[in-house]
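What follows is a set of notes on a single structure, which appears directly below.
Both counts, for ligands and for their atoms, begin at 1 and track the order of listing. What's counted below: heavy atoms across the whole structure, side chains too, no hydrogens, waters or symmetry copies. Since we're looking at a predicted model, the values are computed, not measured.
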Amino acid sequence: MTLYRDSGVVLRTHKLGEADRIITLLTRERGVVRAVAKGVRKTSSRFGGRLEPFMHVDLQLAEGRSLDIITQVETLNPFARDLGSDYPAYTAGTAMLETAERLVSEDGEPAVQQVQLLVGALKALVGRRSTPSLILDSYQLRALAVAGFAPSFDACARCGAVPDSGGSHRSFHAPSGGILCPDCRVSGSAAPSPMTVALLAALLVGDWDAVEAADDRSRREASGVVGAYLSWHLERGLRSLSHVDR
Ligand SMILES: [Zn+2]
């Protein structure tokens, strides 16, 4: 029986048999991993509540024939405990876990940056460092960037033209990878306000002073742009997966 250690965040759990659960985790060393926690649903379980969604844990696992088996768990950050009582933070956190599971592959590759990003965002949620929806928007943009889909909010995503000083391009087109200059503009582009474009750029780099200064209208519009950009990439990801399965 080969044992190994890893650490990460519990994304999801589901029941297996009478007393076990399959735990889906985002881990540093192996990306998204599904592993079995035996006896975890018994009240006497030695795992306690450490394998609930949001928990940031250090693990020991044993390699199994199909799924690996969790043999030890230590809590690094008990995020589940602090998120349960705060509905806006809980729903934003749930969206983060779903985003992480969809963006990170299960091919066994390390996901150190994605784990750091998710843990940082959950810490920000638990610490009430900003509005939950803004923390979520920033997390999703940065998770997309780490996954290789960094959107451009300054230079044109097609030709690289930089806007005149103090200004910004006005057309956002997810399939093109971000903001487009007037020459490259395509039909079907969104037209966020300059303040929204500035907010999106601040969310991407984590400039929280600029984020906090944004008004409600820009925040709503920015959330819509982030959602559209994320959906486009996730749908494209799913399409490519179903293509491989066939
Ligand atoms: Zn252009």
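Within the 6.0 Å centre-distance limit, the rings of Y90 and F54 are counted as a close aromatic pair.
The number of protein N/O/S atoms found under 2.8 Å from the Zn ion (ligand 1) is 4.
P163 is linked by a side-chain contact (heavy atoms from CB on, under 4.5 Å) to D154, H169, counting only residues two or more places apart in sequence or in another chain. Legend: residues meeting salt bridge (Lys or Arg N to Asp or Glu O under 4.0 Å) with E109, ordered by chain and number and at least two apart, are absent.
The salt bridge (charged side-chain N to carboxylate O under 4.0 Å, His left out) with R12 is formed by just one residue from the set E98, E52, E101; it is E101.
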What pairs of donor and acceptor atoms, side-chain ones from residues 16-24 against any protein atom, are under 3.5 angstrom apart with sequence neighbours left out?
from, atom 1, to, atom 2, distance (Å)
D20, OD1, G39, N, 2.8
T24, OG1, R34, NH1, 2.9

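A 6.0 Å sphere centred on CD of Q60 holds more than 12 heavy atoms belonging to other residues, nucleotides or ligands.
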